[in-house]
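Below is one structure, written out as C-alpha cells; comments come after it.
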Amino acid sequence: MPRADIPLVDAPAGRVRLSDRRSERTWDVPVGAFRIGAAPVTSGQLAGLRDDAATDPALPAVGASWWDAVRLCNALSVRDGLPPCYDVDEAREHVAWDRGADGYRLPTEAEWEHACRAGTTGPRYGDLDAIAWYRGTSGERLHPVGTKQPNAWGLHDTLGLVWEWCWDLYDPEVYGSYRVLRGGGWFDEHWSVRASVRRRSHPTLSIDDVGFRVVRDA
C-alpha cells in the first residue's frame, strides 16, 4: 500500500484555559505557533511502518498505545528526513522530548485544545452531528477521516471518531504515568465529545477507539 502524505494546518500562537472536572481545577497555558495534522494519522500514512495491510488506508490508525504513537512519530520523522523529537529509553520506560528537533511529535494537551477550539469558546466548534462521528452518528463503527465538517482552521475529527493521545501526563501525583486522551470517539455518548473533556489511560493501552494526531513546530 503506497503511503499517504500528512497534511498539516497552521495553528497561531495563543492562550488556552484548561479545566479538569474531576479536581474542579482550571489553569491557563500560553501556546506558541505550531502545525498540526488536519486529521488523525491514518493507516495509509503509516504504510510500511505498521502492519495495517488489511485496513482501509483512509481509516484512523487505531490500536496505537501512547508508546506506539511516540515510536511512530519518530519513524515518520526518519522516513520524511526530519530529526526525531523523542529519545526513547525502553529499558527505563522513559521518553525525553528534544524540543529543538523539527520532526513529528504528539501535541501537548494545550496545543490540542487550542487547535480543536480554533478560536471558539463553547463546548464544541459546531453542530455535533455535522462535525463528529460519535455514538449518535457512527453506527458504532469506525469511519474514514475527513468526512465530517472541519473547524474554522481546517481540522477534521478533533471531536469524535477517535480519542487522541497527547504528550502530557494526566496527574502524576495521583495517576503516575497515565497520559492524557482528548476528543472523544466513535463509541462515546455526546457528553464525552466536547473540547474540554480530558481522559486518562496507561501509556500501554491499545484499543479500537484511540489514535493520535501529529504536530510539528512552526
Give a yes or no on whether a salt bridge exists between [X] and [Y], defined as a side-chain N under 4.0 angstrom from a carboxylate O.
X	Y	answer
Arg198	Asp20	yes
Arg22	Asp171	yes
Arg179	Asp168	no

Below 6.0 angstrom between ring centroids: does that apply to His114 and Trp153?
yes

Proximity of Trp163 and Phe187 rings by center, below 6.0 Å:
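Distance test on ring centres: not under 6.0 Å, no.
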
Of all the heavy-atom pairs spanning [X] and [Y], show the shortest one and how long it is.
X	Y	value
Ala61	Arg50	CB-NH1, 3.3 Å
Pro83	Ala101	O-CB, 3.8 Å
Val29	Ala110	CG1-CB, 3.6 Å
Ala195	Leu159	N-CD2, 3.8 Å

Do the side chains of [Y] and [X] get nearer than 4.5 Å, heavy atoms only?
X	Y	result
Arg15	Val31	no
Leu46	Ser43	no
Trp165	Val180	no
Asp209	Val62	no
Leu161	Val145	yes
Val214	Cys73	yes
Val70	Trp97	no
Leu142	Val162	yes

Donor-acceptor pair, distance only, cut-off 3.5 Å: does the side chain of [X] make one with the backbone of [Y]?
X	Y	value
Trp66	Cys166	yes
Glu111	Thr108	yes
Asp157	Gly146	yes
Ser206	Gly63	yes
Asp98	Gly100	yes
Trp186	Asp208	yes
Asn151	Leu155	yes

In this structure, are over 12 heavy atoms from other groups packed under 6.0 Å from [X] atom [atom1]?
X	atom1	answer
Glu24	CD	no
Arg17	CZ	no
Arg21	CZ	no

Would you sort out whether Phe212 and Asp68 count as a side-chain contact (heavy atoms from CB on, under 4.5 Å), showing the intermediate values?
CA-CA 10 Å; Phe212 68 102; Asp68 292 334; over 6 Å; no

Would you call the rings of Tyr86 and Trp167 parallel, tilted or perpendicular if under 30° counts as parallel and over 60° as perpendicular?
parallel

Can you hop from [X] to [Y] via hydrophobic side chains spaced under 4.5 Å?
X	Y	result
Val88	Leu169	no
Ile131	Tyr134	yes
Leu82	Val215	no
Leu18	Leu106	no

Euclidean distance, [Y] [atom2] relative to [X] [atom1], rounded to 0.5 Å:
X	Y	atom1	atom2	answer
Cys85	Asp102	SG	CG	7.0 Å
His190	Asp129	NE2	CG	10.5 Å
Thr42	Ile6	OG1	CD1	7.5 Å
His143	Thr137	NE2	OG1	6.5 Å
Tyr178	Leu205	OH	CG	9.0 Å
Leu8	Arg213	CG	CZ	10.5 Å

Face-on cation placement of Arg25 at Trp27 ring, 6.0 Å and 45° thresholds:
yes

Could you walk me through whether Leu181 and Ser201 satisfy the side-chain contact (heavy atoms from CB on, under 4.5 Å) test, starting with their C-alpha distance in whole Å, then the side-chain angles of each, then the deciding distance to 0.1 Å, before giving a yes or no?
CA-CA 7 Å; Leu181 288 163; Ser201 192; 3.8 Å; yes

Show your reasoning for whether side chain to side chain donor-acceptor pair (under 3.5 Å) applies to Tyr125 and Thr158.
CA-CA 10 Å; Tyr125 51 83; Thr158 51; 3.3 Å; yes

Start with the C-alpha gap between Arg216 and Arg105, add the side-chain angles, then the distance that decides, and say whether side-chain contact (heavy atoms from CB on, under 4.5 Å) holds.
CA-CA 6 Å; Arg216 288 185 66 197; Arg105 59 177 177 83; over 6 Å; no

Knowing that exactly one of Arg182, Arg199, Arg135 qualifies, which makes a salt bridge (charged side-chain N to carboxylate O under 4.0 Å, His left out) with Asp188?
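The single option meeting the salt bridge (charged side-chain N to carboxylate O under 4.0 Å, His left out) with Asp188 is Arg199.
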
Checking side chain to side chain donor-acceptor pair (under 3.5 Å) for the pair Asn74/Ser77: CA distance, chi angles, key distance, verdict?
CA-CA 5 Å; Asn74 275 357; Ser77 297; 5.2 Å; no

For Tyr170, give me all partners under ring pair (Phe, Tyr, Trp, His ring centres under 6.0 Å), at least two apart in sequence or on another chain.
Tyr175

Is there a side chain to side chain donor-acceptor pair (under 3.5 Å) between Trp112 and Glu164 once you walk through the steps?
CA-CA 9 Å; Trp112 185 94; Glu164 299 178 17; 2.9 Å; yes

